[in-house]
Undergrad: 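Got a structure for you, written out below as structure tokens; questions coming shortly.
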Amino acid sequence: MAGPTALHVCDSEQGERCVVLLHGYLESLLVWDDFIPLLYKQVRVVTLDLPGHGISVVTGECHTMEFLADTVAEGLKALGIERCTLVGHSMGGYVALAFCERHPEMLDGLILLSSTPNPDTEEKAENRRREIALVQAGKKEMLARVAPAAGFAEENRTRMADAIEDLTEQVFVTEEEGIVALLNGMIARKDQNGMLRQTKVPVLFILGRKDNYIPVEVAEKMVADHPEARVVWLEHSGHMGFLEEPEATAKALLDFVAETGKTNK
């Protein structure tokens with residue numbers, strides 16, 4: 001469901017305030033399975049497969065962040081959810097930013113979890129084009145060998161071996177067309193820094209000090225550029241803080257909801 005686009009959704013259905021978790025690239029709603037138990041006794045939790053990943057549909061060669069945001073909005077309306085705190089991990093944060101731009105009246109708050117309002121640099125866009133070429137050449141397994149482990153701080157990789165294996169499996173079950181559509185959408189996305197500075201929606205950054213994808217100097221510049229945003233640093237996390245430091249991530253999220261949320265009737 002979700003208007004014209006079929007969407008796979010899980011909903012805890014209990015709680016006055018609602019938190020919606022948007023997964024990242026090469027992930028699905030399954031990535032939140034161990035994190036949800038830290039939340040659902042205090043808030044309603046909704047997770048979903050963004051179109052192109054998990055078992056949600058692929059609708060074309062480019063899934064723009066705006067299309068994904070509108071699909072999420074339609075899905076929430078179908079569930080009867082008028083307002084929520086939207087949490088976007090990595091690529092899910094790009095979708096959350098587009099949602100904030102297009103549907104701010106539906107938001108009690110916006111949490112960027114290891115994500116950024118910055119557009120792709122030319123180097124990053126070129127890396128994505130190389131990934132597209134790999135996938136189209138039938139070499140998806142090369143992504144599976146590298147991407148999952150790179151998300152974790154080096155010090156955490158041994159103890160997180162099971163999570164890395166789960167994420168590796170997720171790459172193998174993700175449709176090639178979905179990977180390409182989302183890579184094209186990320187390349188095409190715009191700079192959201194101006195929107196973020198102007199929005200009246202409360203914003204929280206949750207950032208890992210040891211993130212290989214958002215180096216600490218880039219993260220610190222982003223924080224300095226957005227004094228309006230609250231910030232929580234995860235000192236022992238890479239890009240996957242909700243798996244590497246789940247309790248600290250959950251506390252930051254729930255504290256933010258308590259500060260900002262309006263009762264979702």
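Owing to the predicted nature of the structure, the values given are computational and were not obtained by experimental measurement.
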Undergrad: Can you find a side-chain donor-acceptor pair between His236 and Glu244 that sits under 3.5 Å?
TA: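 Note: His236 and Glu244 side chains miss the donor-acceptor criterion.
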
Undergrad: Mind jotting down which residue pairs meet the ring pair (Phe, Tyr, Trp, His ring centres under 6.0 Å) criterion with at least one end in residues 102-157? Sequence neighbours excluded, please.
TA: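 Sorted pair list: Phe99-His103.
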
Undergrad: Consider only side-chain N and O atoms of Asn193 and Asn118, and report whether a donor and an acceptor are under 3.5 Å apart.
TA: yes

Undergrad: Salt bridge check, Arg209 against Glu220: does any charged N sit closer than 4.0 Å to a carboxylate O?
TA: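 The answer is yes: the pair qualifies as a salt bridge.
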
Undergrad: Does any donor atom in the side chain of Tyr25 or Glu131 lie under 3.5 Å from an acceptor atom in the other side chain?
TA: yes

Undergrad: Can you tell me if Ser115 uses its side chain to pair, donor with acceptor, with the backbone of Ser90 under 3.5 Å?
TA: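 Checking the backbone N and O of Ser90 against the side chain of Ser115, a donor-acceptor pair under 3.5 Å is found.
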
Undergrad: Salt bridge between Arg17 and Asp108, side-chain N to carboxylate O under 4.0 Å?
TA: no

Undergrad: With no hydrogens and no angle check, is any side-chain donor or acceptor of His8 less than 3.5 Å from a backbone partner on Asp49?
TA: no

Undergrad: Could you tell me whether a side-chain N or O of Ser12 sits under 3.5 Å from a main-chain N or O of Val45, the two making a donor and an acceptor?
TA: yes

Undergrad: Show your reasoning for whether ring pair (Phe, Tyr, Trp, His ring centres under 6.0 Å) applies to Phe242 and Trp32.
TA: CA-CA 8 Å; Phe242 64 99; Trp32 303 108; 4.4 Å; yes

Undergrad: So, the side chain of Thr199 versus the backbone of Met195: is there a donor-acceptor pair under 3.5 Å, distance only?
TA: no

Undergrad: Closer than 3.5 angstrom, by distance alone: can the side chain of Asn184 be matched with the main-chain N or O of Glu61 as a donor-acceptor pair?
TA: yes

Undergrad: Less than 4.0 angstrom from a charged side-chain N to a carboxylate O is my criterion; do Arg44 and Glu13 meet it?
TA: no

Undergrad: More than 12 heavy atoms of other residues, nucleotides or ligands under 6.0 Å from CD of Glu228: is that the case?
TA: yes

Undergrad: Out of curiosity, does Tyr40 fall in the hydrophobic cluster containing Val31 (side-chain heavy atoms, cut-off under 4.5 Å, transitive links)?
TA: yes

Undergrad: When the ring planes of His89 and His239 are compared, do they come out parallel, tilted or perpendicular, using 30° and 60° as the limits?
TA: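 Correct class here is tilted.
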
Undergrad: Tell me whether Thr260 contacts the main-chain N or O of Phe256 through its side chain, where contact means a donor paired with an acceptor under 3.5 Å.
TA: yes

Undergrad: Can any side-chain N or O of Thr249 pair as donor or acceptor with the backbone N or O of Gly241 at less than 3.5 Å?
TA: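 Yes.
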
Undergrad: Got a sec: does the CD of Glu141 have more than 12 other heavy atoms crowding it under 6.0 Å?
TA: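 Counting neighbours around CD of Glu141, more than 12 heavy atoms of other residues, nucleotides or ligands fall under 6.0 Å, so yes.
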
Undergrad: Would you call Arg83-Glu105 a salt bridge at under 4.0 Å N-O?
TA: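 Salt bridge absent between Arg83 and Glu105.
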
Undergrad: Between Lys140 (side chain only) and Glu176 (backbone N and O only), is there a donor and an acceptor less than 3.5 Å apart?
TA: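 Not a single qualifying donor-acceptor pair exists.
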
